[in-house]
Amino acid sequence: MAARLACAVACLIAGSAIAPSHAQTLTMRSALSRALAASPRLTAAERDVGIATGQRIQAGALLNPELSYEQDDSFGSGKYRGTRSAETTLQISQAFELFGKRDARIAAGAAGIEVAAIQRKAVRLEVLSETAIAFLSVLGAQRRIQILDEQIAAIDRLTPLLRRRVEAGASSPAETGRAEVASALVKADRERFKATLASARRELAVLMGDPAAKFGEVSGRLDTMGKPPTFQSVVAAIDANPQLVRWTAVFAQRNAELLLARLKPYPDVRIAAGWRHFNETNDDAVRLSLSVPIPVFDQNQGNILSAQESLAKTKAEREANRNTLIVIAGRAYDSLQGSLRELAVLRETAIPKAVEASEAISQGYGQGRFTLLEVLDAQASVTQARLREQEALQNFHAGVATIEGLVGNPFTLARESAR
């Protein structure tokens, strides 16, 4: 499943490299594998399977026989003084469950195992989806910091030209301060993104089982896009989500519990056989007994009603669960569709026009045709457009990862040519 989930974000998977801190670069595939190995929720889900297995084994156990010893006509008076006239009985008895009660318990236990196993698959998908989204957050924050570094470098490249203009009297000395302020503001934005990156790295590290990030940079690409299928196909695929599939097993389990509640009032039979010794005559005899409880006062009506309501509740619970998944999928789908439209505007108009204007204004500034404020404003426009592009790319892939976690299969995309 880790490999299948990675397929939808295959553009994120790249080769390993060594970061400046000499820590290994983290890939998406490696992050998913480590998260699966370290997830305490997945471990707890596996223990639930073990718990259900134990309950199934116990459900099939036969009732234990009982061994009893009785002594009559002893420790009295006269000829019954002491144990001279005692009658002793050694007896073994066994209760036999009738009407398929044991089979109903076994069926409920087997359904419980299936419920736990399917729930484990659901938890596994959640871990994969959450790890993929955390990885995307780190990758997006890294790219935003790179964009701001590029803007700071572009402002710093203006400094020599600015100084020559000031020395030549073509610009005011105050423009030097304006450039420094612009650079400082971008650096402040960079520090804010660094804090965001630190939080995202910590979240990813915790998902992989580490209290702090021990990896270097994350490696991957966000710039490859694709056209998603229709939302109707996504909704249809949600029915295969383990969270919904498990309700079939839950229904079987509750149905078996209802049958068990209905069978409980039917009496079981207890058969006993024993050996009796008469001290007074020194004779022996066999003792046989058969007992059947009479269900007069307790017919288990309360438990039967409770089991009936629990069974009827199953369908409503499944529909509520399905509606919740559809809402989550709808939000993710709308987010990725909005990201695609936003990227179309940014890539077709905003970014090319901003870059063209920035280059023209930067060249004209050297010729004295534009002011420093216009240069800085043009550079800021390019930076903001690129930051918006990275945010939209991250939102798109995060939406894909969310939907994959809901449908339980790779979110097939119609790949478009790289721009």
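- Side-chain N or O atoms of Ser335 include none that pairs as donor or acceptor with a backbone N or O of Arg331 at under 3.5 Å.
- A donor-acceptor pair is defined here as one N or O able to donate and one able to accept, closer than 3.5 Å; no such pair exists between the side chain of Ser310 and the backbone of Ser306.
- Remark: Arg56 does not engage Glu114 in a salt bridge, criterion side-chain N to carboxylate O under 4.0 Å.
- Remark: Arg254 engages Glu317 in a salt bridge (Lys or Arg N to Asp or Glu O under 4.0 Å) (not counting sequence neighbours).
- Here the side chains of Leu128 and Glu404 are not in contact, with every heavy-atom distance at 4.5 Å or above.
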After noting the C-alpha distance and the side-chain angles of Gln243 and Arg322, does the key distance pass the side chain to side chain contact (heavy atoms under 4.5 Å, CB included) rule? CA-CA 8 Å; Gln243 293 189 40; Arg322 186 174 186 271; over 6 Å; no
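- Proximity of Gln91 to Ser289: side-chain heavy atoms (C-beta onward) are separated by under 4.5 Å at one or more points.
- Judged by distance alone, with hydrogens and angles left aside, the side-chain atoms of Thr349 form no donor-acceptor pair with the main-chain N or O of Leu346 at under 3.5 Å.
- The closest side-chain heavy-atom distance from Leu67 to Leu90 is below 4.5 Å.
- Nearest heavy-atom pair across Thr25 and Ser219 is CG2-CB, 3.3 Å.
- Atoms CZ and NZ, on Phe96 and Lys101 in that order, are 14.0 Å from each other to the nearest 0.5 Å.
- The line from CG of Leu259 to CZ of Arg105 is 11.5 Å long, rounded to the nearest 0.5 Å.
- Gln94 and Arg270 are not linked by any side-chain donor-acceptor pair at a separation below 3.5 angstrom, with hydrogens and angles left out of the test.
- Ser30 contributes atom OG, which lies 5.5 Å from atom CZ of Arg34 (distance to the nearest 0.5 angstrom).
- The distance from atom CG of Leu204 to atom OG of Ser199, rounded to the nearest 0.5 Å, is 12.5 Å.
- Taking the side chain as every heavy atom from C-beta outward, Lys121 and Leu125 never approach each other to under 4.5 Å.
- A 6.0 Å sphere centred on CD of Gln58 holds no more than 12 heavy atoms belonging to other residues, nucleotides or ligands.
- Of all heavy-atom pairs between Gln299 and Ile304, the closest is O-CD1, 4.0 Å.
- Gln71 has its side chain within reach of Ser74: a pair of non-hydrogen atoms, C-beta onward, lies under 4.5 Å apart.
- Distance check, rounded to the nearest 0.5 Å: CD of Glu217 to CZ of Arg201 gives 8.0 Å.
- Side chain of Gln142 to backbone of Val218: a donor-acceptor contact under 3.5 angstrom is found.
- Contact annotation: the side chain of Val127 approaches that of Arg41 to within less than 4.5 Å [non-hydrogen atoms, C-beta and beyond].
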Show your working on side chain to side chain contact (heavy atoms under 4.5 Å, CB included) between Glu203 and Ser137 and close with a plain yes or no. CA-CA 10 Å; Glu203 179 180 351; Ser137 297; 5.8 Å; no
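- In this structure, a donor-acceptor pair under 3.5 Å is present between the side chains of Gln119 and Arg246.
- Here the closest non-hydrogen pair linking Leu32 and Ala132 is CD2-N, 4.1 Å.
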Could you go through residues 147-158 and list every donor-acceptor pair under 3.5 Å that involves a side-chain atom there, pairing it with any protein atom two or more places apart or in another chain?
unit_1: Asp149; atom_1: OD1; unit_2: Arg190; atom_2: NH1; d: 2.7
unit_1: Gln151; atom_1: OE1; unit_2: Thr383; atom_2: OG1; d: 3.1

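- Ser33 contributes a side-chain N or O that, together with a main-chain N or O of Arg29, makes up a donor-acceptor pair within less than 3.5 Å.
- Scored by the salt bridge (Lys or Arg N to Asp or Glu O under 4.0 Å) test, Arg102 finds no partners at all (sequence neighbours excluded).
- Under the 3.5 Å distance criterion, the side-chain polar atoms of Ser233 are left unmatched by any main-chain donor or acceptor of Pro229.
- The heavy-atom pair separating Phe370 from Ile361 by the smallest distance is CD1-O, 3.7 Å.
- Partners of Glu389 under the side chain to side chain donor-acceptor pair (under 3.5 Å) rule, at least two apart in sequence or in another chain, are Arg347.
- Side-chain atoms of Ser39 never come within 3.5 Å of backbone atoms of Ala35 as a donor-acceptor pair (strictly under, hydrogens ignored).
- Under the 3.5 Å distance criterion, the side-chain polar atoms of Asn255 are left unmatched by any main-chain donor or acceptor of Phe251.
- Here the closest non-hydrogen pair linking Ser129 and Thr402 is OG-CA, 3.6 Å.
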Between Thr89 and Trp275, does a side chain to side chain contact (heavy atoms under 4.5 Å, CB included) hold up when you go through it step by step? CA-CA 5 Å; Thr89 304; Trp275 170 81; over 6 Å; no
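- Using modelled atom types, one side-chain atom of Asn241 and one backbone atom of Leu406 make a donor-acceptor pair closer than 3.5 Å.
- The shortest side-chain heavy-atom distance between Leu139 and Met28 does not fall under the 4.5 Å cut-off.
- Under the rule for a ring pair (Phe, Tyr, Trp, His ring centres under 6.0 Å), the partners of Phe99 that lie at least two apart in sequence or sit in another chain are Tyr266.
- Ion pairing between a basic and an acidic side chain is recognised when a charged N comes within 4.0 Å of a carboxylate O; Arg144 and Asp189 show no such pairing.
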What's the verdict on side chain to side chain contact (heavy atoms under 4.5 Å, CB included) for Val269 and Ile271, showing C-alpha distance, side-chain angles and the deciding distance? CA-CA 6 Å; Val269 174; Ile271 299 175; 3.8 Å; yes
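- Within a 6.0 Å sphere centred on CZ of Arg192, heavy atoms belonging to other residues, nucleotides or ligands number more than 12.
- The shortest heavy-atom contact between Leu336 and Pro228 is CD1-CG, 3.4 Å.
- Among residues two or more places apart in sequence or in another chain, the side chain to side chain donor-acceptor pair (under 3.5 Å) test is passed with Lys315 by none.
- The distance from the CD1 atom of Ile133 to the CD atom of Glu130 is 7.5 Å, given to the nearest 0.5 Å.
- Proximity of Leu222 to Leu136: side-chain heavy atoms (C-beta onward) are separated by under 4.5 Å at one or more points.
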